[in-house]
Number of protein chains: 2
Amino acid sequence: MPTMTAAERRERDRQEFNVFLATCPSRQLLDRLSDKWVGLVICALQPGSLRFSELARAVAGVSQKMLTQTLRSLERDGLVEREVTPSVPVRVDYRLTDLGRSLLPLMAAVQDWAEHHMREVTAAREEYDRAS
Amino acid sequence: MPTMTAAERRERDRQEFNVFLATCPSRQLLDRLSDKWVGLVICALQPGSLRFSELARAVAGVSQKMLTQTLRSLERDGLVEREVTPSVPVRVDYRLTDLGRSLLPLMAAVQDWAEHHMREVTAAREEYDRAS
DNA sequence: CGGAATCCAAAGGGATACTG
DNA sequence: CAGTATCCCTTTGGATTCCG
């Protein structure tokens, strides 16, 4: 198995994966990343590991069902690790994997953008609604 | 009206907007940005303005209804501009606004991440499914 | 060509009850 | 505490038709 440079790996990925193709696996992955709760959960885990209930409190508005579902998919995709402490009652902690942590700055950047450009978007909406 | 430094504006936004609050307007904006098609449409418009039909072809798999709906919301939020040429048949072009262009690198980064980490995610899924 | 409008099936997601 | 399972309402979104 020949060694590849980083540039060669990028080129190989570029040929094999393309989010603009409807059936490409990376498109499905992008859909997961675009999930309503995925970004918030990942950023909530930035400071370190959190228990299920702490996570539920951090991400306001998420239902227990949606949080469980989101965490399962993140765990399956290798972005989050789950650790169970078999005490009574049971204690479950979640933390980012290295892969999940590599995604963190991107998700945080989008959230920052939303917070910092809210005023301009609001102004644009009022303008649009007035015109129509 | 006193002049604010960029740092002061950031601090004001930080106090007023927080995506982790369920009812915060920025949370709704984040939900829009997390839409399945928003990122793809914005990145498709990166090279320059595109007609409706060109956009539909660039973003494979999007239906005409979804593309229209996505473009309307982007236009309303001030991220995309719509230009109508009243010829027969009519010609409609879309292009990013400055605000939309400021979001472009963030969306592109997430898509790049999806394409470049697909293998690791696939491996994680196989591992997870084998274990369960 | 670039939509708007309607219909309808499928998926999303909340509330509740129950369990180890 | 941290889920799973079920019910059921709401939203999403594709297919189709029609229009300027």
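Basis for what follows: all heavy atoms, side chains included, without hydrogens, waters or symmetry-related copies. Naming convention: chains lettered A, B, ... in sequence-line order (proteins, then strands); numbering from 1 in each chain. Nothing here was measured: the structure is a model prediction, and the numbers come from that model.
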What is the distance, rounded to the nearest whole Å, between atom CG of B:Asp93 and atom P of C:dC1? 14 Å
Rounded to the nearest 0.5 Å, what separates atom CG in A:Asp112 from atom CG in B:Leu106? 9.0 Å
Per-nucleotide protein contact along nucleotides 3-15 of chain C, 5' to 3', at a 4.0 Å heavy-atom cut-off (B base, S sugar-phosphate only, - neither), is BB--B-----BBB
Would you work out how much the helix from C:dC1-D:dG20 to C:dG20-D:dC1 bends between its ends, with each end axis defined by five base pairs, to 10 degrees? 50°
Please list, chain by chain and in numerical order, all residues satisfying side chain to side chain contact (heavy atoms under 4.5 Å, CB included) with A:Leu21, sequence neighbours excluded. A:Asn18, A:Cys24
Not counting sequence neighbours, list each pair that qualifies as a ring-ring contact (aromatic ring centres under 6.0 Å, His included) and has a residue in residues 72-114 of chain B. B:Trp113-B:His117
Has B:Arg51 got a side-chain N or O lying under 4.0 Å from the OP1 or OP2 atom of C:dG2? yes
Could you list the residues that satisfy ring pair (Phe, Tyr, Trp, His ring centres under 6.0 Å) with A:Trp37, not counting sequence neighbours? none
For B:Cys43, enumerate each residue passing the side chain to side chain contact (heavy atoms under 4.5 Å, CB included) test, keeping only those at least two apart in sequence or located in another chain. A:Phe20, B:Leu104, B:Met107, B:Ala108, B:Gln111
Side chain to side chain contact (heavy atoms under 4.5 Å, CB included) partners for A:Glu126, two or more places apart: A:Thr122, A:Arg130
Hey, can you pull the residues of residues 21-34 of chain B with a non-hydrogen atom under 4.0 angstrom from DNA chain D? none
For A:Pro89 and B:Arg91, take the nucleotide of DNA chain C holding the closest heavy atom to each; which residue's nucleotide lies nearer the 5' end? B:Arg91
Listing, residues 46-68 of chain B side-chain donor-acceptor contacts under 3.5 Å, not counting sequence neighbours, or none:
| from | atom 1 | to | atom 2 | distance (Å) |
| --- | --- | --- | --- | --- |
| B:Glu54 | OE1 | B:Arg51 | N | 2.7 |
| B:Ser63 | OG | B:Met66 | N | 3.2 |
| B:Thr68 | OG1 | B:Gln64 | O | 2.9 |

Residues at least two apart in sequence or cross-chain that pass side chain to side chain contact (heavy atoms under 4.5 Å, CB included) with B:Val84, listed by chain then number, are B:Arg82, B:Val90, B:Val92
Give me each pair satisfying salt bridge (Lys or Arg N to Asp or Glu O under 4.0 Å) with a member in residues 91-102 of chain B, each pair once, sequence neighbours excluded. B:Glu81-B:Arg95, B:Glu83-B:Arg95, B:Arg91-B:Asp93
Going by the side chain to side chain donor-acceptor pair (under 3.5 Å) test, which pairs reach into residues 22-32 of chain A, not counting sequence neighbours? A:Arg32-A:Ser73
